[in-house]
Structures are given as structure tokens and as C-alpha cells.
Amino acid sequence: MRRGMPQHQDFFTRSPRRSHGDSLLKALCLSSALAVVVVFGLLTFSIAYESLRALRTLGLRLLTDPWMPAYDMYGLSPSIKASLLVTLLSLALSLPVSLLSSIFLVFYARPRVREAVRILVELLAGIPSVVYGMWGLTVLVPLLNQTLGPLIGSSLGWLSPWFQFTESTTGNLLAASVVLSVMILPILFFTQVEFLLAVPREYVEASLSLGATRWQMVKTLALPYALPGVILGVVLGMGRAIGETMAVSMVAGPENPPRDPSGLFSPATPLTTLILMNMGSLTPGFFEWSVMFSAALILLAISASSMLVVKLLSRRARGVLAVASWLYKPSGRLALVEEGVVAAVMAVCLALVGGVLTAILADVVVNGGRAALTIGVPVLTECLRLTGAGGRAVFTGGLLNDVIGSLLLSLLSTLIALPVGVLVGIYLAEYAEGSRLGGLVRSLCDALTSIPTIILGVIGYAILVVYLRDFTGGLSLLSGSLTLSVLVTPFIARGTEEALRAVPRSVKEAVVALGGTRLHVVEVSLRQAAPAIMCSVLGGFLRALSESAPVILTAGPSNFIPSSLRDPVGCLPVRIFLLGFEYRVFKGALDYAYAASLILVAAILLVNTLVRVLSRRARRYTV
């Protein structure tokens, strides 16, 4: 140890004793980290290579022309506009409501109210997107088409064509925006609450002791301090909104060919929906095949560039907020009036958030329970089938095939991702300190967790279903599991890294002091971090359980239980999506959709409860 260096840094300057086991572990960890780089490179290369034909042939016409294949026009302009409009509208609806609710919850509400709302938002954050889409399709769309739409059109239609109501039986741009705003609200809410709670308590007390009202303290102190959290929530919410596929496809009333949205009540076909509607019927050699990959490339570019723009704007946001606070300084009675008005508005926003989330959960529980009772015991003991009764096709049987399919897909993808994810996490925590490769792998893991899942579905369809059909069987359990494992691996890797970094340094130093090797250090750290690592594994399992966009392109729906890895397999999220489009055609489809939603939500809540128990155990028993 160098002279003058503190004793607690000895572990990092004097490496543990090495052995053959250490070298083998490091090689395995390095190989797993390089595998992440290779997979990401393969994904990027596949998108770029498959889209070259369309990019060379169409050029900028991809961004300007309409989508009219019958006239050899393959422009993505209508879908690009729809994606941007849906994303911006959803943020405009959810950001002010979530921010005001977060402020009220942190600085005005009682602890019991804060805990109750937090638990409710946590429950809704884990609900799959298809369940939100089901709620939007059966509750929100009829409400807009029958009540709110005519009201908005008659009162605001004279202002702009965008508010004019067009009668329809399907979804529209506004319905998609509202559903997305509810979906991203938990993301915004949690990031804002966490950063507002991080405001130093002594700063808050000092501001209030100087005579400032709570709102004056919030706008001059808490908001500028928590602004990075607000921006982070916007970035995460925007990424979720741009890449969402299934819920938007269910409530946006998509058309084929798509048209430019002309108002809030016009149909919309975002890029994700366009890819979903066309990709499954194409094979290499078709020009539309290359166009779909171009759409995926543009979607990826929009997602990355929009997040970059938001981060750049965040640098100026703090200054703008400070100037606004300086220009507007009410005092005396006016300040008290402002305090009362703002507190009332924030309470209304919080009630709105709680009311909407409760309504969605109640809709799933009440209608799902009713549907399960209507179907009876076969809902979990028989496979779904379509029969003829009275001259009309009727769904009968149960959802056993989809329940087993969901478990098989989630378990197999998690088992595939588990060893690679844990080894990558060990590499990042124990071997990659300060290295460029470690920073690259960490960045790629974060990128893989935020990439729109429909893009992974497109690449999985091309590589596993089409090109490697002889190995995977095409649409199969194996193809779906391998695709989902790409989503689960970075989740486990980052969770493992954080868990290992949380192990106290004194524990590692004690192992080294006793003559332990690097392998012993890692072994002890894994024992200490085991409950937290298990939480990340279960989180990855939940991610796979709730996904539907990659599965519908790689595993395919099926009404049978797979007998091998090469057989197609169904799952609950995909079944809910399909039944959402079939309930007007086939009798009983709506009951099965609600029953599937209830089973899926119950499974997710059960796993979430297990994660909570393990988290508490980790905090209790970890040294």
C-alpha cells in the first residue's frame, strides 16, 4: 500500500490471491459481456442491412410519401406523424397531472395517504399493456364515441378541425393518447416522487421558517432541486410511449393503408402498429420486407433522438424555472390565495390519478371475476377452442393452453438469460471498474432494456422464424423464448451488478485478509446479494410474462399445449390482444379476454408480492 493512502482502500490496491478458478471465472464473465456486445451488434446490423434496399430505392420518400402499396408508394409519413402525435399528446396529458400529484403527495398529504397511493401506483405499474388496451377498447372508446366525443365536437369543433367529432365504432388518436398517458403515468410518478423526497429536509424547513408558503418553497426550492428527476421521468415515459405496440393497436382504430391523422377523433396507425399489421405476412424478397425494417430503423432513431432532445432541453429548463419564479413573486394575501388554489388543484389531480387507476383495476377484477364464474372450472382445466352453435362461432373450453404457454415462455427465457445475466453483472461489478468495455456493456444493457420491443420482435422473426426455421421450427416456443431472453438478460445483469455493489466493502476486505482468492470474494458477495439477485431474476420473469409484441411475431398464437420446443405456443397477453379484436365477431370472446386479464394480473401481483418479501429479507439478513 502506498504511503499516505487510507487503510480502507487497501482492497482496491492489493488484488486478492489468484487461482485457476479465478481465471476461469474471469474468462466466463468476459465472454458473457462480449456476448452482449455481439448481440447488440447483430441487432443493429440486421436492421441496417435488411433496410438497405428500401433506403436506396426510396430515399427521403420514406419520410414524405403516403403508404399506398397498390400504387408503389411505401412512404411512412402517416405512421410517423401518428407516432409523434400520440407520444406528445400522452405526455401533455400525463406530465402536469403526475407532477402536481407528486408534489401534493410529498409535501401536503399525510403519510397514510402517501403509502396508499404508492401501493396503488405500484400495482398498476406492473399491469401489462394489453390489459390497458382491453380497458381502453371496452370502456374508454365507447365513452369517447358516445358521450365525450360529441360533447367536445359541439363545444370546441368551431375552433379547429382537430376538435371536430367524427362518428366511429373503433378507436381514434385521442383514445390512444389517453391510454398511453395512463400507462406512462406510474413511470413519471415514481421518478418525480423519489427526487422530490430527496430534497434535503433542512432546506425545506429553512425555507418555511423564513415565512414562505409551501407552494413558494416548492417552486423556488423543491422543483429546481428535483428537476433532473422530472426530466428523467419524461425521457423514460417518452421511450415507453413511442415504443408501445399492443395497447395502441387496440384503441387507435388503425387503418391499412394508414392515413394522416386529421383530428383527435380520426384513426391513427403509428409505426409500431404498421409493423405489427404487416410483418407477419412477409418474407425476404418482398420489397415490403425491407420497408418494414426501415420503419423499425426510423422508430429506433425517433426514440433515441427524442430522448436526446429532452436531455438537451433539460439543461435550460432550470434557468427558465428560476426566471419564472423571479418574475412572479406574489406576497401577502395574494400568496395565501395562490397557496389555497394550487393546493386544491393538486388535490384534484391526485384524486384523478387515484380514481383512474382504481377504475382500471376494478374493471379488471369485477369483469374478470364475472367472466371466470361464467366460464366456470374449465377456464383453468381445458384448452380454448372455437365451435359452431346456433349458426354462430362460439368460444368454449378454457385458457389452460395460454396459461401453460405463458409460464413456459417466461421460465425458459429466464433460464436462458440467467447465467449470462449473472455473469455479466459479476463482470461489471468486480472486473470492469474504470474499463471502457465495462462502460460499453453497461450502456448496451441500458439500451436493450429501453428499446421498443416490437423491434426485437421484428429481428426475432427475421432471424429465428425465417432464416433459422430448420433449427427453431419457425413460430415456436424456442423462437419466442430466445427473443424474450434478449429482454430479460440486461435486466438481470444490471440487477446483479447493483446487488453486488451493495455488498459492504468490509466484507470483501475480510475475505482478502483471510487469504481468499478473487473467486472467494465473488462467492461471498453472491451469497450476500442472493436475495437481491433473486429479485432481479423475478423482475425479468415478470417482464417476459407481460410481453406480447415480440411473442406474437416469434411464438405465434396456438390453441394447444406445446409438446416440444419447436411447437407454436400461445400466451395470455397475446390471447387478450386477439380476443380484443374478435369480441364483435365471436360470441364469448369478451368473457375470455377479461378472464385472461384477471389471471394475468393475479399472477403478476403474486410474483410482485414475492419480490417484496425477498427484498425485505435482503435488507434484514445482508451484512
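Given the structure is predicted, the values throughout are model-derived calculations rather than measurements. Only heavy atoms go into these numbers, but all of them, side chains included; no hydrogens, no water, no symmetry mates.
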Where do Leu173 and Gly263 come nearest, in terms of heavy atoms and distance?
CD2-O, 3.7 Å
Could you report the tightest heavy-atom contact between Asn145 and Pro150, atom names first, then the distance?
O-CD, 3.8 Å
Do Phe265 and Leu174 have side chains that approach each other closer than 4.5 Å (heavy atoms only, starting at C-beta)?
yes
Looking only at non-hydrogen atoms, find the nearest pair between Val488 and Ser413 and report the distance.
CG2-OG, 4.4 Å
Side-chain heavy-atom pair Pro78, Asp260 within 4.5 angstrom cut-off
yes
For the side chain of Ser154 and the backbone of Leu151, is there at least one donor-acceptor N/O pair under 3.5 Å apart?
yes
Any side-chain heavy-atom pair from Ser406 and Leu545 closer than 4.5 angstrom?
yes
Under the criterion side-chain hydrogen bond (donor to acceptor under 3.5 Å, both in side chains), I'd like the reasoning laid out for Thr138 against Tyr594: C-alpha separation, chi angles, the key distance, then a yes or no.
CA-CA 10 Å; Thr138 59; Tyr594 268 115; 2.8 Å; yes
Heavy-atom pair with the smallest gap, counting every atom of Ser102 and Gln192
OG-OE1, 3.1 Å
Backbone N or O of Leu464 within a donor-acceptor pair of the Thr472 side chain at under 3.5 Å?
yes
Met246 versus Pro573: any side-chain heavy-atom pair under 4.5 Å?
no
Within the structure provided, determine whether Ile298 and Leu271 are in side-chain contact (heavy-atom separation under 4.5 Å).
yes
Ignoring hydrogens and angles, tell me if any N or O in the side chain of Asn401 forms a donor-acceptor pair with the backbone of Ser558 under 3.5 Å.
yes
May I ask you to decide if Glu50's main-chain N or O and Ser290's side chain share a donor-acceptor pair within less than 3.5 Å?
yes
Any donor and acceptor pair, going by atom type alone, linking the side chain of Ser476 with main-chain N or O of Ser479 inside 3.5 Å?
yes
Is the side chain of Ser90 donor-acceptor paired with the backbone N or O of Thr87 at a distance under 3.5 Å, no angle test?
yes
Are the side chain of Ser79 and the backbone N or O of Thr269 linked by a donor-acceptor pair below 3.5 Å?
yes
State, to 0.1 Å, how close Ala549 and Ile552 come at their nearest heavy-atom pair, and which atoms those are.
O-CG2, 3.3 Å
Looking at Arg543, is its backbone amide N or carbonyl O close enough to the side chain of Ser546 to form a donor-acceptor pair, meaning the two atoms are under 3.5 Å apart?
yes
Do side-chain atoms of Asp65 reach the backbone of Ser77 as a donor and acceptor pair under 3.5 angstrom?
no
Does some side-chain heavy atom of Leu140 sit less than 4.5 Å from a side-chain heavy atom of Val179?
yes
Any side-chain heavy atom of Leu264 sitting closer than 4.5 Å to one from Leu89?
yes
Which class fits the ring pair Trp289 and Tyr461: parallel under 30°, tilted 30 to 60°, perpendicular over 60°?
tilted
Less than 4.5 Å apart, side chain to side chain, heavy atoms only: is that true for Leu361 and Ile127?
yes
Has the side chain of Asn172 got a donor or acceptor atom that lies under 3.5 Å from a matching backbone atom of Gly253?
no
